[in-house]
Every structure is written in C-alpha cells, then in structure tokens.
2 protein chains.
Amino acid sequence: MGTIDNPRVQELSQILKALGHPTRLFIIEEIAKQPACVCELKERIGADTSTVSKHLSILRNAGLVDIQKAGTMVYYSLSCSCVEDCIQALYPLIKLKQKRYSDMLQ
Amino acid sequence: MGTIDNPRVQELSQILKALGHPTRLFIIEEIAKQPACVCELKERIGADTSTVSKHLSILRNAGLVDIQKAGTMVYYSLSCSCVEDCIQALYPLIKLKQKRYSDMLQ
DNA sequence: TTCTTATTTGGCAATTTAACCAATAAGAAA
DNA sequence: TTTCTTATTGGTTAAATTGCCAAATAAGAA
C-alpha cells in the first residue's frame, strides 16, 4: 500500500482500533465507572481469563488504561477521561443512523 | 466467548473499528475538510482504486460517510461532524502519552 | 452503438486477530 | 517450605482483514 505514514494518524488509529472491539469497549466503560481487576472483568464478560488479559494488554499498549497492583491482583483504570468524551461524541451519529433506519422503513 | 450482546456496545465498536485503520482515518480527515471522489482519494493515499473503494464501503457500512453521485464519479462526505469531535477528544490522551514517553527517557 | 472513465465487486494470498487451553510467574496464606 | 490464587505468556486453530489484480457495472462522450 502507498503508506500513510503520518505519525499522528498512526497514533490515533492505534487508539481507535483498540476501542473497536466489543469486549474492549465494554471493559473501557466498566473501568470508567470503577477500576476493576482481571477476575472481576472476566466474570462480567464471561470469557477466559487469558482472553480478557490479552484484551487488557491491547488497551494498555494503546495507552488507554493504567494498572495498579494490589497483591496478586492487578487493577485496571482509565488513563484519561477524554476516552469517555470520545465515545460520547459518537452519540449524535448513532442517533442519526437510528433515524435514517426508521425513516427507511416508511 | 461469553458474548457482550449489548446493541449499543456493538454499534459503537463497529464505528470505532471502522475508524481504527490508518487509511480509513486519513480518508475521514480528508473528506471532513472537503468531500472527495474515489479517484482523488486514491491519488492522495497511493493505493489501488479497489482498495480505497473497499475502505469507503466499510466507512459507509458504519454510517460514517454519505455519498453523492455526479456523473460517473461518487463523492464521499462525512455524515456527521461529531466524528471530528470524537477524534479531537483523543488529543489529551495523545499528549499524555507523549509526556509519559519523554518522562520515561529521563 | 462503441469507447472511455469511474467505481464496485469477485477472487485470491498473506497477514492479523481472537479465542481457548496449557504452562509459567508472582504473591499470599497455610 | 508448599499450596492456592491471580495474572500473563506461549501455542494452536479458526476466522477475519487487507491488499492487489482482474472482471463486471454504471454513466457519459463520441
């Protein structure tokens, strides 16, 4: 591909890609409310611990989450509340899509 | 996987996933400035026309872009300016990451 | 009509992703 | 120490993604 090697675009797309998975987005929304450890998240998600851990490492690599260790447990938290703003910003689009869909049915 | 079948999360993650690719993010930023046709975008990206067209169809499926046909050309535009807000919202995170990286080097 | 241009679609190969299980590491408790 | 718990890493497999080429489609122009 004729690469787009703009570092800002690369950086942004890495972050957005990390957010672009239902499980990871769910994790983000959970820890935005309250930091949580892997075992808590695993319960809420219903996937294998290793699966959850790997999703968390992707979020960590993207800089979206921070960790704090407490004994054997690792608590994950949101690194920047701006991530919530990013998600919230998309609601008008979702609303628009819903409207277009219901209009289409008429 | 123990599915997270929250439709809101599914919807949001589809949108974020579509944004999570450098080429598609580049396209979004380009057409946010000014609507553009496939051939214009292809030139700026430097990929095959079919590649660009497929990226555009992913963006279209996510509801991120609209089209307007003009003769044989198809002009793509941003469906909602909130997408720009979504991207902008992430700048504090990028700044934070930069700061952490430079702190780490000391 | 035929030719040309713009775009989309089909098909394929290479790469990446995502899920699980198993094994390992790091602490805490017995 | 050993044992138990929590989390991460390695390995494997199936599915999805991405890119290009080639073929098909669509809309004008000649």
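Computed from heavy atoms alone, side chains included, the values below leave out hydrogens, waters and symmetry copies. Keep in mind that what you see is a predicted model, and the values were worked out from it rather than measured. Chain letters run A, B, ... following the sequence lines, proteins first, then strands; residues in each count from 1.
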Where the side chain of [X] is concerned, which of [options] is the nearest nucleotide?
{"X": "A:Ile58", "options": "D:dT18, C:dA18, C:dT7", "answer": "C:dA18"}
{"X": "B:Lys17", "options": "C:dA6, D:dC20, D:dT17", "answer": "D:dT17"}
{"X": "A:His21", "options": "C:dA6, D:dC20, C:dA18", "answer": "C:dA18"}
{"X": "B:Thr49", "options": "D:dA7, C:dT17, C:dT7", "answer": "C:dT7"}
{"X": "A:Ser50", "options": "C:dA22, C:dT8, D:dG19", "answer": "C:dA22"}
{"X": "B:Thr72", "options": "D:dG28, D:dG19, D:dA7", "answer": "D:dG28"}

Between [X] and [Y] (side chain of the first, backbone of the second, donor and acceptor by atom type, cut-off under 3.5 Å), is there such a pair?
{"X": "B:Thr51", "Y": "B:Ala47", "answer": "no"}
{"X": "A:Ser79", "Y": "A:Leu64", "answer": "yes"}
{"X": "A:Glu43", "Y": "A:Glu40", "answer": "no"}
{"X": "A:Lys42", "Y": "A:Ser53", "answer": "no"}

If the cut-off is 4.0 Å, is [X] near the phosphate of [N], judged by side-chain N/O to OP1 or OP2?
{"X": "A:Thr51", "N": "C:dA18", "result": "no"}
{"X": "A:His55", "N": "C:dA19", "result": "yes"}
{"X": "B:Tyr76", "N": "C:dA6", "result": "no"}

Euclidean distance, atom [atom1] of residue [X] to atom [atom2] of [N] [Å, nearest integer]:
{"X": "B:Met73", "N": "C:dT5", "atom1": "CE", "atom2": "C1'", "result": "9 Å"}
{"X": "B:Lys42", "N": "C:dT5", "atom1": "NZ", "atom2": "P", "result": "13 Å"}
{"X": "A:Leu56", "N": "C:dA18", "atom1": "CG", "atom2": "P", "result": "13 Å"}
{"X": "B:Glu40", "N": "C:dA6", "atom1": "CD", "atom2": "P", "result": "11 Å"}
{"X": "A:Tyr75", "N": "D:dA7", "atom1": "OH", "atom2": "P", "result": "8 Å"}
{"X": "B:Asn61", "N": "C:dT8", "atom1": "CG", "atom2": "P", "result": "12 Å"}
{"X": "A:Ile45", "N": "C:dC20", "atom1": "CD1", "atom2": "P", "result": "11 Å"}
{"X": "A:Gln68", "N": "D:dT6", "atom1": "CD", "atom2": "C1'", "result": "16 Å"}

Tell me every residue that passes side-chain hydrogen bond (donor to acceptor under 3.5 Å, both in side chains) with A:Glu29, counting only those two or more places apart in sequence or in another chain.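 Listed in chain order: B:Arg8.
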Under a 4.5 Å side-chain heavy-atom rule over Ile, Leu, Val, Met, Phe, Trp and Tyr, are B:Ile27 and A:Val9 clustered together?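 Shared cluster, yes.
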So, taking the atom named OH in B:Tyr101 and the one named CG in B:Leu96, what distance separates them when rounded to the nearest 0.5 Å?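 It comes to 15.0 Å.
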Roughly how far, to the nearest 0.5 Å, is CD1 of A:Ile28 from CG of A:Leu78?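 Taking CG in A:Leu78 and CD1 in A:Ile28, the distance rounds to 5.5 Å.
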What nucleic acid atoms does A:Arg60 come within less than 4.0 Å of, heavy atoms only: base, sugar-phosphate, or nothing?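 It contacts nothing in the nucleic acid.
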Residue closer to the 5' end of DNA chain C, B:Val38 versus B:Lys54 (nearest nucleotide):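 First, find each residue's nearest nucleotide; the 5'-ward one identifies B:Val38.
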Would you kindly compare A:Val74 and B:Asp48 by the position of their nearest DNA chain D nucleotide and give the one closer to the 5′ end?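 In this pair, the answer is A:Val74.
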Starting at the 5' end of DNA chain D, write a dot or bracket for each base, bracketing those in Watson-Crick or G-U wobble pairs whose two distances are under 3.5 Å and using | for partners on another strand. ||||||||||||||||||||||||||||||
